[in-house]
Trainee: 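The structure follows.
The structure displayed is predicted, hence computed values, not measured ones.
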Amino acid sequence: MLVNAAFEYYLFKIGGADFDYDKAVTFTEKIRKLCGWSWDVDTTLRYWVERTIRAPFFEQVKSTEGYPEWTLKVGEPSWQLPESYLKFACYIAVCNVKYKGGDGQYAAGSIFKIVTALGSKMPANLKKNGSGDLPLEVRQYKSAIVTCSANDVFATIKISVKEESEEAYRQVLDFLCQLLSFGFPSSYSVKFSSPEKKWLFIKSLPKKGVHQLFANAVNWPSLHPQIEAYAKLAMKEFEWYNDLEAEYCAMPGTFAVFALGLLGEAYHPLLCDYLRICDGEHQSLQGDFVQAYIEKYGFTEKGLELYKLCEQNIQHLPKRLSALYAKRK
């Protein structure tokens, strides 16, 4: 509570026409490093946006679907916001994406929407170029056979493979591992295209680009260490592939882990780590994987361990998997 009060006092004390963006960011970064992206930090910054940016210029109305939304008030505003205010609001939006996980995307989008409505081009520039925190060589890569780009503000990764080859996927995996090592948002979406469309032999997996990527890449054994390296960098509890929703929601690294796991027992420690970390309250794809694994290898000692781990971290096991377990003797 003391952090909340001190943080709020500082932000509003330096307000007014002389609001100093650099000082506000420096102070916010100190608080964030001290407390993490805590409830106090998140709440204070959200309140600053609501009170400083939204309340003076917007009013709440109901959309045609009945949901509340914000529109500009009718008439000319009595005063104009300095650019430093809008810049700080965009900084807060970027922080939401970086530190708040999947929920941060929605919060950031709401901020960008009102900043854009006030006439600022900053959100459009951020969408095009990212925050600028990532070096150009980290967020962009292009060769004769691969094109990769990433935007850390909108947490999007785009990958195009022009040639199905071991070297092409080596370049893709190098790009992904370097990107995640530089602090790219832990929840993100992946748009992938290639001439070959392969899928893992697991029922119910969504046929999305990130699935296709690892189903293709796993066909080259020399790339397996890189696929495992990506999985270890990507796996984080309560983080998600943002373009997978509802019954298809999945923790980053999911398809890399599944691709390797179907090869046999060599990646058993990775599978165990995955089944412990994934958010079983909201995700269920792990049950489909364990079922495919048991159908292929049976209830070996390691297969039984995977079953038990999955059972402990999922809302409902697939009926087929439960039936196989019941008949195992």
Trainee: Is the shortest heavy-atom distance from the side chain of V218 to the side chain of I227 under 4.5 Å?
Mentor: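 The answer is yes, as the side chains (C-beta and beyond) meet within the 4.5 Å cut-off.
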
Trainee: Determine, step by step, whether C35 and D40 satisfy the side chain to side chain contact (heavy atoms under 4.5 Å, CB included) criterion, reporting the C-alpha distance in whole Å, the side-chain angles of both residues, the deciding distance to 0.1 Å, and the verdict.
Mentor: CA-CA 9 Å; C35 306; D40 287 329; over 6 Å; no

Trainee: If you compare all heavy atoms of D279 against all heavy atoms of F238, which two are closest, and at what distance to 0.1 Å?
Mentor: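 That would be OD2-CD2, 3.7 Å.
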
Trainee: Please answer: with hydrophobic residues joined when any side-chain heavy atoms are less than 4.5 Å apart, are V94 and V41 in the same cluster?
Mentor: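 No.
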
Trainee: Atom NE2 of H268 and atom CG of D273: how far apart are they, to the nearest 0.5 Å?
Mentor: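 So the gap between those two atoms works out to 10.0 Å.
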
Trainee: Under 6.0 Å between the ring centres of Y91 and F88?
Mentor: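 Yes: the rings meet the under 6.0 Å criterion.
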
Trainee: Report whether V49 and Y9 are members of the same hydrophobic cluster (ILVMFWY, side-chain heavy atoms less than 4.5 Å apart, transitive linking).
Mentor: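 Different clusters: V49 never reaches Y9 through Ile, Leu, Val, Met, Phe, Trp or Tyr contacts under 4.5 Å.
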
Trainee: Give the minimum heavy-atom separation between N151 and G130, together with the two atoms involved.
Mentor: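 That would be ND2-N, 3.3 Å.
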
Trainee: Any donor-acceptor pair under 3.5 Å linking the side chain of K127 with the backbone of V153?
Mentor: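 No; judged by distance alone, with no hydrogens or angles, the pair does not exist.
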
Trainee: State, yes or no, whether a side-chain contact exists between D243 and K191 at a heavy-atom distance under 4.5 Å.
Mentor: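 Side-chain contact under 4.5 Å: no.
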
Trainee: Heavy atoms, side chains only, cut-off 4.5 Å: are V172 and Y230 in contact?
Mentor: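 No, side chains not in contact.
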
Trainee: Quick one: pull up CG in L45 and SG in C95 and give me the separation to the nearest 0.5 Å.
Mentor: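 SG of C95 is found 7.0 Å from CG of L45.
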
Trainee: Output the distance between atom CD (E83) and atom OH (Y21), rounded to the nearest 0.5 Å.
Mentor: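 Result: 11.0 Å between the selected atoms.
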
Trainee: Is atom NZ of K162 surrounded by more than 12 heavy atoms (other residues, nucleotides or ligands) closer than 6.0 Å?
Mentor: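 Enclosed: over 12 neighbouring heavy atoms sit under 6.0 Å from NZ of K162.
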
Trainee: Over all heavy atoms of both residues, which pair between Q291 and R320 is shortest? Give the atoms and the distance, please.
Mentor: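 Looks like NE2-CG, 3.2 Å.
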
Trainee: Of the non-hydrogen atoms in I145 and S165, which two are nearest, and what is the gap between them?
Mentor: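 Of all heavy-atom pairs spanning I145 and S165, the closest is CD1-OG, 4.1 Å.
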
Trainee: Could you give the side-chain donor-acceptor pairs of residues 245-260 under 3.5 Å, partners two or more places apart or in another chain?
Mentor:
unit_1: T254; atom_1: OG1; unit_2: M251; atom_2: N; d: 3.4
unit_1: T254; atom_1: OG1; unit_2: M251; atom_2: O; d: 2.5
unit_1: T254; atom_1: OG1; unit_2: Y274; atom_2: OH; d: 2.7

Trainee: Where do L179 and R139 come nearest, in terms of heavy atoms and distance?
Mentor: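 In this case the closest contact between L179 and R139 is CD1-CA, 4.5 Å.
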
Trainee: Measuring only between side-chain heavy atoms, which start at C-beta, is F192 closer than 4.5 Å to I157?
Mentor: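 Answer no - side chains too far apart.
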
Trainee: Are F27 and W48 an aromatic pair, judged by ring center distance below 6.0 Å?
Mentor: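 No, too far apart.
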
Trainee: Ignoring hydrogens and angles, state whether a donor on the side chain of Q171 or Y141 is under 3.5 Å from an acceptor on the partner side chain.
Mentor: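 Their side chains do contain a donor-acceptor pair, which is all the 3.5 Å distance test asks for.
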
Trainee: Any ion pair linking K100 and D42 (charged N to carboxylate O, less than 4.0 Å)?
Mentor: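 Salt bridge present between D42 and K100.
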
Trainee: With a 4.5 Å heavy-atom cut-off, do T71 and E59 have their side chains touching?
Mentor: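 Yes - at least one pair of side-chain heavy atoms lies under 4.5 Å apart.
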
Trainee: Let me see the working for K236 and I277 under side chain to side chain contact (heavy atoms under 4.5 Å, CB included), right down to the final yes or no.
Mentor: CA-CA 7 Å; K236 289 184 173 63; I277 294 171; 5.8 Å; no

Trainee: Given side chains that start at C-beta, do those of L72 and L118 come closer than 4.5 Å, heavy atoms only?
Mentor: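 Counting from C-beta outward, L72 and L118 do come under 4.5 Å.
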
Trainee: My understanding is that only one of F12, Y10, Y85 makes a ring-ring contact (aromatic ring centres under 6.0 Å, His included) with F19; could you say which?
Mentor: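 Output: one option passes, namely Y85.
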
Trainee: Between CG of N216 and NZ of K198, what distance do you get to the nearest 0.5 Å?
Mentor: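 So the CG of N216 and the NZ of K198 are separated by 6.5 Å.
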
Trainee: Could you check whether K302 pairs with E305 (Lys NZ or Arg NE/NH1/NH2 to Asp/Glu carboxylate O, under 4.0 Å)?
Mentor: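 So K302 does not pair with E305 through a salt bridge.
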
Trainee: With a 4.5 Å limit on heavy-atom distance, are the side chains of F184 and V138 in contact?
Mentor: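 No, their side chains stay 4.5 Å or more apart.
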
Trainee: Give me the one residue out of W199, Y241, F289, F201 that meets ring-ring contact (aromatic ring centres under 6.0 Å, His included) with H211.
Mentor: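 Checked W199, Y241, F289, F201 against H211; only one passes ring-ring contact (aromatic ring centres under 6.0 Å, His included): W199.
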
Trainee: Is there a side chain to side chain contact (heavy atoms under 4.5 Å, CB included) between W220 and R170 once you walk through the steps?
Mentor: CA-CA 10 Å; W220 284 279; R170 189 185 312 282; over 6 Å; no

Trainee: Taking the six-membered ring for Trp and the full ring for Phe, Tyr or His, determine whether the centres of W70 and F58 are under 6.0 Å apart.
Mentor: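 No, too far apart.
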
Trainee: With clusters defined by side-chain heavy atoms of hydrophobic residues (ILVMFWY) lying less than 4.5 Å apart, directly or transitively, does L126 cluster with L134?
Mentor: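 Shared cluster, no.
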
Trainee: Please name the pair of heavy atoms, one in A168 and one in V161, separated by the smallest distance, quoted to 0.1 Å.
Mentor: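 Closest heavy-atom pair between A168 and V161: CB-CG1, 4.0 Å.
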
Trainee: Hey, mind stepping through R46 and N96 against side chain to side chain contact (heavy atoms under 4.5 Å, CB included) and telling me if it holds?
Mentor: CA-CA 10 Å; R46 186 173 69 250; N96 271 277; over 6 Å; no

Trainee: What distance separates L263 CG from Y297 OH, expressed to the nearest 0.5 Å?
Mentor: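 It is 6.5 Å, given to the nearest 0.5 Å.
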
Trainee: Working to the nearest 0.5 angstrom, can you tell me the gap between L81 CG and T52 OG1?
Mentor: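 Answer rounded to 0.5 Å: 8.0 Å.
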
Trainee: Look only at the side chain of Q286 and the backbone of N313, and say whether a donor-acceptor pair between them is shorter than 3.5 Å.
Mentor: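 Here the side-chain-to-backbone pair exists.
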
Trainee: Contact between D20 and S84 at the side-chain level, heavy atoms closer than 4.5 Å - yes or no?
Mentor: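 Side chain of D20 against side chain of S84, heavy atoms only: no contact under 4.5 Å found.
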
Trainee: Under a 3.5 Å threshold, yes or no: a donor from one side chain and an acceptor from the other, between S187 and Q105?
Mentor: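 On atom types as modelled, these side chains do not qualify, holding no pair under 3.5 Å.
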
Trainee: Is there a donor-acceptor contact under 3.5 Å from the side chain of Q212 to the main chain of E196?
Mentor: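 Side chain of Q212 to backbone of E196: a pair is present.
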
Trainee: Do F175 and F182 share a hydrophobic cluster, counting only Ile, Leu, Val, Met, Phe, Trp and Tyr and linking them when any side-chain heavy atoms are less than 4.5 Å apart?
Mentor: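 Yes, because F175 and F182 connect within a single hydrophobic cluster, where side-chain heavy atoms sit under 4.5 Å apart.
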
Trainee: Would one find more than 12 heavy atoms of other residues, nucleotides or ligands at under 6.0 Å from atom CD of E301?
Mentor: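 No, the 6.0 Å shell around CD holds no more than 12 heavy atoms from other groups.
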
Trainee: Could you name each residue pair satisfying salt bridge (charged side-chain N to carboxylate O under 4.0 Å, His left out) that touches residues 24-36, not counting sequence neighbours?
Mentor: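 Of all non-adjacent pairs touching residues 24-36, those that pass salt bridge (charged side-chain N to carboxylate O under 4.0 Å, His left out) are E29-R32.
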
Trainee: List the residues meeting ring-ring contact (aromatic ring centres under 6.0 Å, His included) with Y307, not counting sequence neighbours, and say none if there are none.
Mentor: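 For Y307, the residues satisfying ring-ring contact (aromatic ring centres under 6.0 Å, His included) (neighbours in sequence not counted) are F299, Y325.
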
Trainee: Check the pair T147 / K158 against side-chain hydrogen bond (donor to acceptor under 3.5 Å, both in side chains), numbers first and verdict last.
Mentor: CA-CA 8 Å; T147 301; K158 296 179 180 179; over 6 Å; no

Trainee: Could you state whether V115 and F154 fall into the same hydrophobic cluster, counting links through intermediate Ile, Leu, Val, Met, Phe, Trp or Tyr residues with side-chain heavy atoms under 4.5 angstrom apart?
Mentor: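 No, separate clusters.
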
Trainee: Looking only at the side chains, is there a donor atom on one of S284 and Q315 sitting less than 3.5 Å from an acceptor on the other?
Mentor: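 Note: S284 and Q315 side chains miss the donor-acceptor criterion.
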
